[in-house]
Amino acid sequence: MVDPEVQLLNATFSGSTHTSTDSSVTELVAGDFAAVLSSSTSQRWLQPKDEPVSVPEYFHAIAELARQHQSLAESWQQLQIAVAAFLTFTQANLTGPPPTVPESPAMLYAQPEAAEDADGMRATGSALGRDAASEGDRWAAQQLSVDGEEVLGKVNLPQYLLLSRVLVTAPLDLSFSCERHSDDDGEATTSSINALEGLSELPSWSWWTARVLLMNQRLLAGSAASLRSALTMLMPQVLNRFGSSSVLDLGESKAALAAAAELEAALVEHVYSSPQTALRHLQAAAYALGMHTIVEGAMGVRTVHQVDPKAQLVVSTSHSHEENGYASGEDSYQLDSMSLGSQVESSELKGLTAESDVLSAPKLVDGSGRVLDRSLGGLEQAVLLGWAQQVKKGTSVDELQAWQMAPYVEAVLRQPRSHPLIRSAAKLLQTRHERTRTRTLERSLMQLQQLAEAPSQPLPRVKTRFRHAFGVLFPLRPSLRKELGEQLLSTGLVGAAMGVFEEEELWDSLIICYRLLQKLPQAQELVQARLQVTPDDASLLCALGDITLEDKHYHQAWEASKGRSTRAQRSLARSAQRQQHWDQAEGHWEKALGLNPLFPQGWFALGYCCLKTKNQQRALQAFTRCAQQEPDNGEAWNNIAAIHLRLQHAPQAFSALGEAVKYKRESWQTWSNYGQAAAQTGNAIPAARAVQKVLELTQGQQVEKEILAVLVRQMQEGRQKEGMDGYDTPSLEHGQQQLEHAVGTALKQALALAGSSPVVWGLLAQYYRSLGCQTSAKEALLKQIRGLQGTGWPKDTPAFHTYAQASLQLCQLHVELVLNGRGTARDLASARMHLRTTLKQAAELQSEDGLYEEMQGLLAKIEKLEAVHKHDTS
């Protein structure tokens, strides 16, 4: 492997680099990206034509040049230029400070006057009513839109990201927009893998390509299937070349490179919500570092005034070798300065304070009161933040989730020094947690404001900011500013939020503010003013449709996008759903998902529409796709199960409901469905647990009597197979014992919470009778009969049948007790009197019923037994 490649990769996560013989690599490592792009060797690539051309023609020319077969030296130059352009874009939108380069790479070799004229085309002041971006930047943003997913907000220097994407993907036959030269649809193909094999002498090519495409994905408002497909192809290539089993001679950097590759692979899976795959990559990253992590308890204090330490949930790490990764030069003292941000308060935040008596991280102490903390290296801290993301993506959203993430975040915040992006990412996760607590709400808002301002600060230097910039999930500037605006909005600072949204050209969010202020006419004027500047903006046309609720604007957006706007089709589908035009809505969702299938909400809506049109199979497919992309969507799993139940597929329904209850633990309806499916498939213990959960969630208002009846019957059948039904002896099989215990617990809990339910008392009597507990069964039957006495059974035939059956069971039990020698004449007298009373009350309307005659026969039998018993005792 070329040694400068190792140095270039290593510079993005480690501060220890050596001097390279390649001047371009030296400049890249130092953060002087403009010098690389404006060098004489780069001019061949960045000025493919002598005469000025339009921006689309310029990029098409570069794409054609990039596809040509190159020598190793030329390919290396191509990669360096792509990396320099990519890092320039990253500096402008993620790390900061803002780079001093022209807005278009085409202007790098222009005369100074021409460059000044081009820069002067950008207007200053409010973005409303004027074009804040140049025509070239708007075109580049359109090309960066993939699968109909739009770029979120205002992006700085989009042409540089597009340039890097063209340079790294064109040789791999990966195309997404302007560089498309065939009928392909952007899918990763065998030809792409073959092309990577042809670049085997530049193994880092796949890694930089993956970074570029992931950055492109993070720009978009939603997940893009084409980018996901390409990353799925690229990341295994990266791990093969740089993972723990790599055969490349990577020197002392091998372990660090392996850990960084696994960590970035995990982040890709987190972006696309695949926590199971991400887990394996995180474990591999920790293994490469020799790092072992465990969550445990430790004594510590969480507030300033706390005297006695209490148990705290913390992360404990151990490792087999040291990893430092910090600079020892002049930048060392500035490592935290970016994350601290500007100290200048905005006018809207005056009066708020970042001070709180709650510590940002608990202060841990041992038994003697000494502070306990271990210094962690940069990659180790990045792995801890990866684990925090794993908790977020791999668990259901509830009050505990943020506290489960907190130990990993706090372990990073307790570090005396961290790299800028690592510290910022940790503070952002902490800010999201603190906004949910009253005592830390103000500090959360102040910290988020500081994080949003931090990239504009002059220090630390560029090369310091880039360490671990690709190893943590820190949002790009538009997304971070949007989050700031949303938090301002949630705290009631609507004016401040509107200022943020207008500055970042987040028109949808700005329209929401106008809605909250009940100023929809002003919102409509805003959109129309913007449309005068950019009349072909599909997102603005859709926003206008959202305000006016007129479908014509969505159709105009679809036409303006030349059939590529997924939002237009989604809006048409939702409009059709509101009007209950299910066939039309289904067609619009099919078109939208045909453009970009990575939209779980769309699959869910399509499934709902298909249910309305009685298309069961398509609905099942749609809900299945939704659950695959969003495994924590309990509603999707529940609907999958409901369809399987309709199709008489009980085992599949039980499996789906098993997933549904993981994420809808507070829905008693889901637990009820789970119990029914479990009972139908013979899974009695889960069914009994479901009955108990329904009782808990409804506080006894809902009793699953049908499920309880099935469970009692299954228990009786199990005892009959063992030949122990009705015997007061424990079951021989462990499974039968568990079943009996679970059923008994569920029945007793139902009676404790739901009160006197005659049906449940009857089931409890059957339960006790099967166990051979005849006395307990008799008491349960008595309570069932008492509960049935107020049902009007003498005049209601179904109620009479229920009452008569319970009476027969009770009286037969009295007879059995006497015949077994455990009863007395009093038992026979009680049965006789009960039957006589029942027959007398039912004689008028129920005398011809079969059960009436059966009770008469039992009464005669009891009277004979009484006579015999009386004769024997005399």
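All residue numbers refer to positions in the sequence shown, counting from 1. All of these numbers come straight from a predicted model, not from anything done at the bench. Quick note: numbers below take in every heavy atom, side chains included, and nothing from hydrogens, waters or symmetry partners.
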Query raised in the report: With A66, which residues qualify under side-chain contact (heavy atoms from CB on, under 4.5 Å), at least two apart?
Result: Q78, L167, A170
Report task. With sequence neighbours left out, write down each residue that passes side chain to side chain donor-acceptor pair (under 3.5 Å) with N93, or none if nothing qualifies. Result -> none
Requested in this report: Could you walk me through whether L220 and V151 pass the side chain to side chain contact (heavy atoms under 4.5 Å, CB included) test, one step at a time?
Outcome: CA-CA 4 Å; L220 304 180; V151 172; 4.0 Å; yes
Query raised in the report: Can you name the nearest heavy-atom pair linking E103 to S134, along with the distance?
Result: OE2-OG, 2.7 Å
Query raised in the report: Distance-only, no hydrogens or angles: does the R467 side chain make a donor-acceptor pair with backbone N or O of H419 under 3.5 Å?
Result: no
Requested in this report: With sequence neighbours left out, write down each residue that passes ring pair (Phe, Tyr, Trp, His ring centres under 6.0 Å) with F33, or none if nothing qualifies.
Outcome: F466
Requested in this report: Examine distances only and state if a side-chain atom of Y58 and a backbone atom of L46 form a donor-acceptor pair shorter than 3.5 Å.
Outcome: yes
Query raised in the report: Hey, does the side chain of E264 reach the backbone of R211 with a donor-acceptor pair shorter than 3.5 angstrom?
Result: no
Requested in this report: Determine, stepwise, if the pair E269 / R228 fulfils salt bridge (Lys or Arg N to Asp or Glu O under 4.0 Å).
Outcome: CA-CA 9 Å; E269 300 302 331; R228 171 60 163 153; 3.1 Å; yes
Report summary line: Here the gap from D536 atom CG to S561 atom OG, rounded to the nearest 0.5 Å, amounts to 10.0 Å
Query - P102 side chain reached by L108 side chain, heavy atoms, under 4.5 Å - result: yes
Report task. Spell out, as yes or no, whether a donor-acceptor pair under 3.5 Å connects the side chain of S42 to the backbone of S38. Result -> no
Query raised in the report: Do N156 and P98 have side-chain heavy atoms sitting under 4.5 Å apart?
Result: no
Query raised in the report: So, Q237 and R241: side-chain donor and acceptor under 3.5 Å apart, yes or no?
Result: yes
**Report entry** Qualifying ring pair (Phe, Tyr, Trp, His ring centres under 6.0 Å) pairs with a residue from residues 250-274, counting only residues at least two apart or across chains
**Finding:** none
Query raised in the report: What are the two closest heavy atoms between P458 and P97, and how far apart are they?
Result: O-CG, 4.3 Å
Query - Test log, rule side chain to side chain contact (heavy atoms under 4.5 Å, CB included), inputs K463 and V29 - result: CA-CA 7 Å; K463 70 174 185 179; V29 171; 5.7 Å; no
**Report entry** salt_bridge(R138, E135) N-O dist < 4.0 Å
**Finding:** no
Query raised in the report: Between N216 and L144, is there a donor-acceptor pair closer than 3.5 Å when you use the side chain of the first and the backbone of the second?
Result: yes
Query raised in the report: Of all heavy-atom pairs between S479 and R218, which one has the smallest distance, and what is that distance?
Result: OG-O, 4.5 Å
Query raised in the report: Do Q449 and E453 get their side chains close enough for a donor-acceptor pair, meaning under 3.5 Å?
Result: yes
Query raised in the report: Who passes salt bridge (Lys or Arg N to Asp or Glu O under 4.0 Å) against R477, sequence neighbours left out?
Result: E504
Query raised in the report: So do M291 and L376 actually touch side chain to side chain, heavy atoms under 4.5 Å?
Result: no
Query raised in the report: Do W76 side-chain atoms and L202 backbone N/O form a donor-acceptor pair below 3.5 Å?
Result: no
Report task. Would you give the length of the straight line joining atom CG of L72 to atom CD of Q77, rounded to the nearest 0.5 angstrom? Result -> 10.5 Å
Query raised in the report: Does any N or O in the side chain of S204 come within less than 3.5 Å of the main-chain N or O of W207, such that one atom is a donor and the other an acceptor?
Result: no
Query - Contact summary for Q159 and P105, nearest pair of heavy atoms - result: CB-CD, 3.8 Å
Query raised in the report: Any donor and acceptor pair, going by atom type alone, linking the side chain of N596 with main-chain N or O of A225 inside 3.5 Å?
Result: yes
Query - Exam field: side chain Q217 to backbone A224, donor-acceptor pair closer than 3.5 Å - result: yes
For residues 469-476, run the donor-acceptor check on the side chains, cut-off 3.5 Å, and write out each pair with its distance to 0.1 Å, sequence neighbours left out.
none

Query raised in the report: So do the side chains of E74 and R44 get within less than 4.5 Å of each other, counting heavy atoms only?
Result: yes
Report summary line: Between S418 and V412 the two heavy atoms that sit nearest each other are OG-O, 3.9 Å
Requested in this report: Identify the two heavy atoms, one from A261 and one from V238, that lie closest to each other, and give their separation to 0.1 Å.
Outcome: CB-CG1, 4.1 Å
Query - Rounded distance (nearest 0.5 Å) linking atom CG of L162 with atom CG of L157 - result: 12.5 Å
Query - Sub-4.5 Å side-chain heavy-atom contact between F89 and V155 - result: yes
Query raised in the report: Can Q447 and T431 be counted as having a side-chain donor-acceptor contact under 3.5 angstrom?
Result: yes
Query raised in the report: Is the side chain of N240 donor-acceptor paired with the backbone N or O of P236 at a distance under 3.5 Å, no angle test?
Result: yes
Query - From CG (L87) to CG (L161), nearest 0.5 Å - result: 11.0 Å
Report task. Compare all side-chain heavy atoms of W139 with those of P56 and state whether any distance is below 4.5 angstrom. Result -> yes
Query - Minimum side-chain heavy-atom gap W205-L234 below 4.5 Å - result: no
**Report entry** Side chain to side chain, L152 and L506, heavy atoms closer than 4.5 Å
**Finding:** yes
Report task. Hey, could you give me the CD/CZ distance between Q381 and R417, rounded to the nearest 0.5 Å? Result -> 10.0 Å
Report task. To the nearest 0.5 Å, tell me how far E380 CD sits from L385 CG. Result -> 12.5 Å
Report task. Go through the steps to decide whether L448 and L480 satisfy the test side chain to side chain contact (heavy atoms under 4.5 Å, CB included), and finish with yes or no. Result -> CA-CA 8 Å; L448 186 56; L480 184 60; 3.9 Å; yes
Report task. Check step by step if side chain to side chain contact (heavy atoms under 4.5 Å, CB included) holds for D537 and E150. Result -> CA-CA 11 Å; D537 193 325; E150 301 165 352; 5.7 Å; no
